[in-house]
Amino acid sequence: MAPSIWNRITVLRAERSLSRQQLADALGINYQTVGYLERGDYNPSLELAFRIAEYFQLPIEAVFSRHPFAPMSVQLYRKEESA
Amino acid sequence: MMGTSETLWHRLGTSRWLTNRRQRRRWVIGTYVGWLVIAAVVRLADMASPSWDRTVILILLANSTAQLLWLGRRTYMSSPTFGDAEPDERLVQIKNQAFRKAYQVFTIAAGIAVLVIAWAITAQPGEQGFADWFVILCGLMLLATTLPTTIVAWREPDLADA
């Protein structure tokens, strides 16, 4: 089943060189849950979604979306070109 | 909040090999097939044996006890223990789904069991009828006490896949 909510947790975690366990510990969740979130097999509660966004110090819409995300590199270059 | 590398199965107090789904599923099948085997033995047993009913009761109790021990007593009776490790929201969801499914399955099983027990008592008065309804009752008890846990055991993926 296709996920109804997309997220960038995998990318954000990789950028910060965090293991699933480290992220899970920081968020107070099971590390398996991080895997489920990353694969889109589990949609977090609003509270957990906000906690994740706060942890990455990003607005929630930068981490979660109801539509698939464009690659970060594409978005960055588009911003630079339009600026 | 949980801050360790515990897995769901470690938290449930079961051993490390239970993180393997195939093993878990074998145990779940064994749990209920064990009861079916005993039920078949009861049906086919020689009623002339004087110690027969006592033996069957002991076997049934041993079966139920073994399954409960294997399941680490993580049943509805010890649900406070099940939840006291503060599982995260996904694990709570899994637990709640398991309890819901267990209730559905148990309701159907109990409905069928009542009909079979009624038949066993009326159609077979005497020891065979008693043995039959006792076996069915033990099966219901086994279902009631183990179903939520076995549903989680059946559904949870391998640790490596999670």
Side-chain angles (χ1 to χ4, degrees), chain A residues 1-69 71, chain B residues 1-25 27-28 71-72 74 78-102 148-162:
Chain A
M1 197 175 70
S4 52
I5 294 178
W6 279 261
N7 69 71
R8 279 186 168 134
I9 296 172
T10 312
V11 178
L12 296 168
R13 186 170 63 78
E15 275 179 355
R16 288 156 179 79
S17 304
L18 289 169
S19 67
R20 279 182 180 170
Q21 185 63 62
Q22 285 170 320
L23 180 60
D25 289 348
L27 295 169
I29 57 174
N30 190 291
Y31 85 93
Q32 289 171 286
T33 302
V34 177
Y36 276 82
L37 286 166
E38 289 183 350
R39 289 192 301 273
D41 289 341
Y42 174 70
N43 291 330
S45 67
L46 196 56
E47 196 268 337
L48 179 58
F50 270 106
R51 233 171 337 130
I52 293 167
E54 280 169 18
Y55 176 77
F56 289 118
Q57 296 180 314
L58 289 167
I60 198 160
E61 64 270 22
V63 185
F64 295 96
S65 169
R66 289 186 60 234
H67 307 286
F69 282 107
Chain B
M1 285 292 167
M2 199 191 71
T4 67
S5 59
E6 280 180 310
T7 66
L8 176 63
W9 288 103
H10 293 147
R11 207 199 338 261
L12 290 179
T14 46
S15 57
R16 177 168 273 279
W17 65 266
L18 285 174
T19 56
N20 181 304
R21 176 154 74 171
R22 189 179 291 177
Q23 292 283 13
R24 269 187 271 126
R25 286 189 167 184
W27 263 109
V28 171
L71 294 165
R74 294 317 195 261
S78 59
S79 54
T81 316
F82 197 106
D84 66 5
E86 296 182 44
D88 69 22
E89 60 181 43
R90 186 184 64 86
L91 300 182
V92 169
Q93 209 175 73
I94 289 170
K95 191 181 86 171
N96 291 343
Q97 283 169 354
F99 274 82
R100 272 200 297 275
K101 180 55 77 180
T149 312
T150 51
I151 286 170
V152 175
W154 188 269
R155 285 178 171 174
E156 274 294 278
D158 269 354
L159 197 58
D161 300 336

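Note that the structure is predicted; figures quoted are calculated from it, not measured.
- Enclosure of atom CD in A/Q57 is not indicated, since only 12 or fewer non-hydrogen atoms of other residues, nucleotides or ligands lie within 6.0 angstrom.
- Between B/E89 and A/S45 the shortest heavy-atom distance is OE1-OG, 2.5 Å.
- Every residue meeting the side chain to side chain contact (heavy atoms under 4.5 Å, CB included) condition with A/P68, not counting sequence neighbours, appears here in chain and number order: A/W6.
- Once rounded to the nearest 0.5 Å, the distance linking CZ of B/R90 with CG of A/N30 reads 6.0 Å.
- Atom-to-atom distance recorded for B/D88:CG and A/Y42:OH is 7.0 Å, nearest 0.5 angstrom.
- Note: A/T33 leads A/L37, A/V34, A/T33, A/L48 in heavy-atom pairs under 4.5 Å with chain B.
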